[in-house]
Each structure stands twice: as structure tokens, then as C-alpha cells.
Number of protein chains: 2
Amino acid sequence: MAQVKNNYQFEDMLQKHNLKKTAPRLRVLSMMYSKNTATSQPDLESVMNDIDRVTLYRILNTFEEKGIIHKVFDLNGTANYAVCHSDCRENHHQDEHLHFNCTLCKNVYCINELNMPKLTLPAGFEAQGFTLYASGLCPKCSKKEQVKMN
Amino acid sequence: MAQVKNNYQFEDMLQKHNLKKTAPRLRVLSMMYSKNTATSQPDLESVMNDIDRVTLYRILNTFEEKGIIHKVFDLNGTANYAVCHSDCRENHHQDEHLHFNCTLCKNVYCINELNMPKLTLPAGFEAQGFTLYASGLCPKCSKKEQVKMN
DNA sequence: TTCTAAATACAATAATGTTGCATTTGTATT
DNA sequence: AATACAAATGCAACATTATTGTATTTAGAA
Ligand SMILES: [Mn+2]
Ligand SMILES: [Mn+2]
Ligand SMILES: [Zn+2]
Ligand SMILES: [Zn+2]
């Protein structure tokens, strides 16, 4: 479920990362932490339409650099941003988890409950990181489909 | 390695999919089949700069629909296109393989030699398809790095 | 050769992302 | 509380990627 955090905690987060407490940043944090799915760039932009587009891009970039959020491209190539799990540090993400993209509601879920399988690549390839994508129906949408069936 | 095919074979391919044999289509096929990596949209466009951009997009779309090529987004969200392995059909891709994105040369490799691990998602999620991404050094670039080290 | 549906070319527009710079603001220091 | 300055925002301009509509051309069938 969505991690519940209040404004004080967001201010703390910014302070810990040596970032100034500003209204745009707090609003972005608040929005991202209020959901249990990633936030697409278009969504973010339409919700925060009073904040300059460039400011949003810069906020997302710095948050990513600081290890607060990570970027995921969904199956359509759209940029989505999700809050990082515990162990991400500045300029070093630790986000090897599955991303589930619902084909119906288009939401992207970070699935941390699944440990990545160990994989051996063909000779010559030196893998540094893995990401797993899955597409299909998320719990909400699969329920809706069930109802329609009956 | 790159699948070697001649122009007659490309013409056959188009015919089998009920597509007219046109110069732009044959050139796109020829380019994609000549490489063992996916072709990025920008690359395609700069190489075929005499063909209209829109035409290229439409060729890529129809090829994808027909199951001739599949689209892969690399780690930067750039669209790449790769020739499909045997068993893709019209409007039904069968491309559950690993995509390896080299961090140095940026090339995207389709790794068919690896069978996808079976995964169980958390309750409620109904997965329809999986894609696995890996990033790191491809054989060529990892060799270059070796040489530099010495 | 003629005919037509399909494909391409061209024009316009939308969506996404970046860069440079002027202005504003958070915060450390006095 | 006032000052000072780096950091952040806002704005303008631009680049890239992608889509839509329509006129023109062309592959392939008749
Ligand atoms: Mn994630
Ligand atoms: Mn592939
Ligand atoms: Zn859903
Ligand atoms: Zn490489």
C-alpha cells in the first residue's frame, strides 16, 4: 500500500538530502507517496499544471539523483516515476524489482515482494543490472473483469 | 549473428504479409536484417534521411502489426526495433526474451538463448507477458574494456 | 494499358524533453 | 531582523519524437 507520510516527514527528507524545502518539491513528494503506483510524467504535469514544466523535470531529475525516486518506462515508452524502496542512495539505485504494467488502467506497480531470479547470460555479456517487466491485469482491474463476466 | 537474407527473400516476406513491395520497405528490412542488434528510431531516420519520417513511422508500425519486427525501449526510453524471432504472427507477438542494453555502445541485443524463468506474482495480479531487461557490457565493449585495462 | 487501393510525401500540429538566463526565494550568517 | 548568496523557480526558445490529414504517386490486379 501507499506509504503514508506527512508534510513534516517530506521536509525532513529534503533536508537530509540537502535540498531546499520548496512548495513544488513538497507537492511532488506528497503526490508520489500518496499512491501505490508510479506516477506518469503526463499525470504529474496535468495535476501540477500551475508549476512550470521545466521545474517539474528538474525536480524529478534531482529526486532521481538523490535516490528518492526512480524512473520506469511503461510499455508505451512513457516515463513513470516511483518512490524508491529503502536502500537507494545518491547516484546509486538499488531497484532490481519487477514492474507490473496494467494493460487496462495503465498503472505501473513496483513489485518488491518478488526476488529476482538468477540469470546466466550468453558468453561475453557482462550484466550489471536487471529489470523485469510484466504486463497484464492488476488486482483492481482483474476484479472489474470478473464482475463483467458474471 | 545477423540473419543473412537477400532482396528476393525480403520481397517474399512482404508478399506473404500482403504488403506491396516498395523501395522504402525493402531498405528498412535490409537494414534491420543486416545487424544483430536492434535499430534505434534515430539511427534509422538518419540513415534513411531521404525517406520521409512519417513513412518510416508507418512502415515500422505495419511491420510491427504484421509480426515482422518488435519494438523495444532502451534504458533511455528510446524506441528500438528488432526483427522478430520465428514464431510471431499478425497482431500476436511471441517475444518473451531478454533484451540486453549495452551501457557503452548503447546497442540493444535480443537474447533468445535464455529461457524465461517462471515467476509467481503477488495475489491478484494476472500476468499476460514478461520482458526481461539487462544492462551492462556487450561482448564487443567488454573486450575493448579488457584491452584498456592492460 | 488502365484502374484502383495502398503507399508515400508533404504540411501542420502535438507531446515530450532540454538549455540558457532572469528573477525569486530558502537559509545561513551577521 | 536585516543581509547576502547559492539554489530553485519561471520564462522563452529550441530540439526531438510522434501523430493526423490530405494530396500525389505507385504497385499490382484486371
Ligand atoms: Mn520500481
Ligand atoms: Mn527482442
Ligand atoms: Zn489496472
Ligand atoms: Zn556494447
Side-chain angles (χ1 to χ4, degrees), chain A residues 7-8 10-31 38-66 68-81 90 106 108, chain B residues 7-8 10-31 38-66 68-81 90 106 108:
Chain A
N7 224 52
Y8 289 113
F10 295 140
E11 293 187 359
D12 272 356
M13 288 183 61
L14 292 178
Q15 197 158 41
K16 276 176 191 156
H17 288 97
N18 295 308
L19 297 173
K20 288 185 179 174
K21 300 168 202 166
T22 68
R25 283 174 176 167
L26 289 169
R27 283 173 61 193
V28 170
L29 282 179
S30 164
M31 169 163 179
T39 306
S40 75
Q41 189 280 328
D43 266 14
L44 191 80
E45 204 172 301
S46 70
V47 171
M48 317 246 168
N49 54 0
D50 54 327
I51 301 177
D52 190 80
R53 281 167 33 74
V54 179
T55 300
L56 286 179
Y57 277 110
R58 294 205 255 236
I59 287 174
L60 293 171
N61 283 338
T62 54
F63 282 4
E64 198 184 3
E65 281 171 9
K66 295 291 187 177
I68 298 173
I69 63 174
H70 60 279
K71 192 200 279 203
V72 198
F73 293 102
D74 67 19
L75 299 170
N76 300 312
T78 304
N80 282 250
Y81 297 87
E90 183 149 0
K106 312 297 178 197
V108 174
Chain B
N7 224 51
Y8 288 115
F10 295 139
E11 294 187 359
D12 272 356
M13 286 183 61
L14 292 178
Q15 196 157 42
K16 275 176 192 156
H17 288 98
N18 296 309
L19 298 173
K20 288 186 181 175
K21 301 169 201 165
T22 67
R25 282 173 177 168
L26 289 170
R27 284 172 61 193
V28 169
L29 282 180
S30 165
M31 168 162 179
T39 306
S40 75
Q41 188 279 328
D43 265 16
L44 192 80
E45 203 173 302
S46 67
V47 170
M48 316 244 169
N49 54 0
D50 54 325
I51 301 177
D52 190 82
R53 282 168 39 73
V54 179
T55 300
L56 286 179
Y57 278 110
R58 293 206 253 238
I59 286 174
L60 292 171
N61 283 337
T62 54
F63 281 5
E64 198 185 2
E65 281 170 10
K66 294 291 185 176
I68 298 174
I69 62 174
H70 60 279
K71 192 200 281 202
V72 198
F73 293 101
D74 67 20
L75 299 171
N76 300 311
T78 304
N80 283 249
Y81 297 87
E90 182 148 2
K106 313 296 179 196
V108 174

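Labels below follow one simple rule: chain letters A, B, ... track the order of the sequence lines, proteins then strands, and each chain is numbered from 1.
The nucleotide dA2(D) finds its pairing partner in dT29(C), both defining distances of the Watson-Crick or G-U wobble pair being shorter than 3.5 Å.
Side-chain contact check for L14(B) versus T22(B): every heavy-atom pair is 4.5 Å or farther apart.
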So which protein N/O to nucleotides 13-17 of chain C N/O distances come out below 3.5 Å?
unit_1  : atom_1 : unit_2 : atom_2 : d
dG17(C) : OP2    : Y57(A) : OH     : 2.9
dG17(C) : N7     : R53(A) : NH2    : 2.4

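Minimum heavy-atom separation, I59(B) to P24(B): CD1-CB, 3.6 Å. For V28(B) against F63(B), the heavy-atom pair with the smallest separation is CG1-CE2, 4.0 Å. Of all heavy-atom pairs spanning P42(A) and A79(A), the tightest one is CD-O, 4.5 Å. Nearest heavy atoms, Y81(A) versus I69(A): CD2-CD1, 3.7 Å.
With sequence neighbours excluded, the residues that form a side-chain contact (heavy atoms from CB on, under 4.5 Å) with D43(B) are T39(B), S40(B).
For residues 11-23 of chain A, no residue pair satisfies the salt bridge (charged side-chain N to carboxylate O under 4.0 Å, His left out) rule, not counting sequence neighbours. Residue pairs meeting the salt bridge (charged side-chain N to carboxylate O under 4.0 Å, His left out) criterion with at least one member in residues 46-59 of chain B, sequence neighbours excluded: R27(B)-D50(B), E45(B)-R53(B).
Taking CD of Q41(B) as the start and NZ of K71(B) as the end, the distance is 9.5 Å to the nearest 0.5 Å.
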Nucleotide by nucleotide, nucleotides 3-8 of chain C touches protein heavy atoms under 4.0 Å in the pattern (B base, S sugar-phosphate only, - none) --BBSB

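Bounding nucleotides for the chain B contact on DNA chain D, 5' to 3', at a heavy-atom distance below 4.0 Å, are dT17(D) to dG28(D).
Looking at N80(B), its side chain does come within 3.5 Å of a backbone N or O of T78(B) through a donor-acceptor pair.
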